[in-house]
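In what follows, a single structure is set out as structure tokens and then discussed.
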Amino acid sequence: MILISTSNYEELSQKAAEEVISRINQNPSLNLGLATGSTPTGLYQKLIRDHKQNQTSYKEVNTFNLDEYIGISKKDRNSYHYFMCEHLFEHIDIPLDQTHIPDGTAKNLDEECMRYEQFIVEHGGIDLQILGIGQNGHIGFNEPGTPFDSRTHIIDLAESTRKANSRFFDSLEDVPKQAITMGIASIMDSKEIFLLVSGASKAKALSRLINGEVNEQFPASILQKHENVTIFVDKEATALL
Ligand code: GLP
């Protein structure tokens, strides 16, 4: 794992954006895995600014999001579909039919999980996956205890995750109890991974990820076994290293 230390969130976002842009320049039809949450929004802003200033094009890029809440319509402002349109897709030249997110409103959710997993494989797999990390070590929505060999699946969200994400909703009761998420094995199949870790609230998780043992109780620890991971951190996140 390569650690890129930055002094603050702004610099973290900039450094990560430069690397994403360089991957797109090397491969204009990159299969780009995307994440939601607060952490990658700075990166997305930098990508948008670069697209406007330098015309980096996403016309041939395909994107694959990690996860989506179950039971929230795509048009709901709390869906990850909405989030991605608002924070990235509307502002770059990517054709919307090349943006892929699991469908949390599918009638048959098990089938949707299999379809999404298969769909990624049919597209040749993910070249670069962007990841954030939950305070409990979740990646995507793979909560502690998720098997390392899991593929895209339905997950019961941990109460701590629902509480952490309730800041986006009107109340905790409104936060869905389940989500569809790429599995740990699906994420590990990515050829390259960028993990973004920002702020004091993630310091414990970062330290456990880097110094702790590889254990299903801390899902992100599996990244120690991936051959091509770069972790972008800011100063506050490194407080416990
Ligand atoms: C959510 C997402 C994850 C994200 C995590 C951390 O639950 N499903 O993909 O990495 O929370 O979010 P944040 O960056 O807001 O701390």
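Both ligands and their constituent atoms are indexed starting at 1 by order of listing.
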Inset, instruction - Give every residue pair that meets the salt bridge (Lys or Arg N to Asp or Glu O under 4.0 Å) criterion with at least one member in residues 77-89, sequence neighbours excluded. - result: R77-D170
Inset, instruction - Tell me, please, which residues at least two apart from K163 pass side-chain hydrogen bond (donor to acceptor under 3.5 Å, both in side chains). - result: none
Inset, instruction - Enumerate the residue pairs fulfilling salt bridge (Lys or Arg N to Asp or Glu O under 4.0 Å) with a member in residues 1-26, sequence neighbours excluded, ordered by first and then second residue. - result: E10-K46, E11-K15, E19-R23, R23-E192
Inset, instruction - On the 0 to 90° scale, with breaks at 30° and 60°, tag the Y80-F83 ring pair as parallel, tilted or perpendicular. - result: perpendicular
Legend entry - I133 and K202, any side-chain heavy atoms less than 4.5 Å apart: yes
Extract all N/O-N/O pairs under 3.5 Å that connect ligand 1 to the protein, and present each with both atom names and the distance rounded to 0.1 Å.
| from | atom 1 | to | atom 2 | distance (Å) |
| --- | --- | --- | --- | --- |
| ligand 1 | 7 (O) | H138 | NE2 | 3.1 |
| ligand 1 | 7 (O) | N165 | ND2 | 3.1 |
| ligand 1 | 8 (N) | D67 | OD2 | 2.9 |
| ligand 1 | 8 (N) | G140 | O | 3.3 |
| ligand 1 | 10 (O) | I133 | N | 3.4 |
| ligand 1 | 11 (O) | H138 | NE2 | 3.4 |
| ligand 1 | 14 (O) | S38 | N | 3.3 |
| ligand 1 | 14 (O) | T39 | N | 3.0 |
| ligand 1 | 14 (O) | T39 | OG1 | 2.4 |
| ligand 1 | 15 (O) | S38 | N | 2.7 |
| ligand 1 | 15 (O) | S38 | OG | 3.3 |
| ligand 1 | 15 (O) | R167 | NH2 | 2.8 |
| ligand 1 | 16 (O) | K202 | NZ | 2.6 |

Legend entry - N142 and H153: side chain donor to acceptor below 3.5 Å: yes
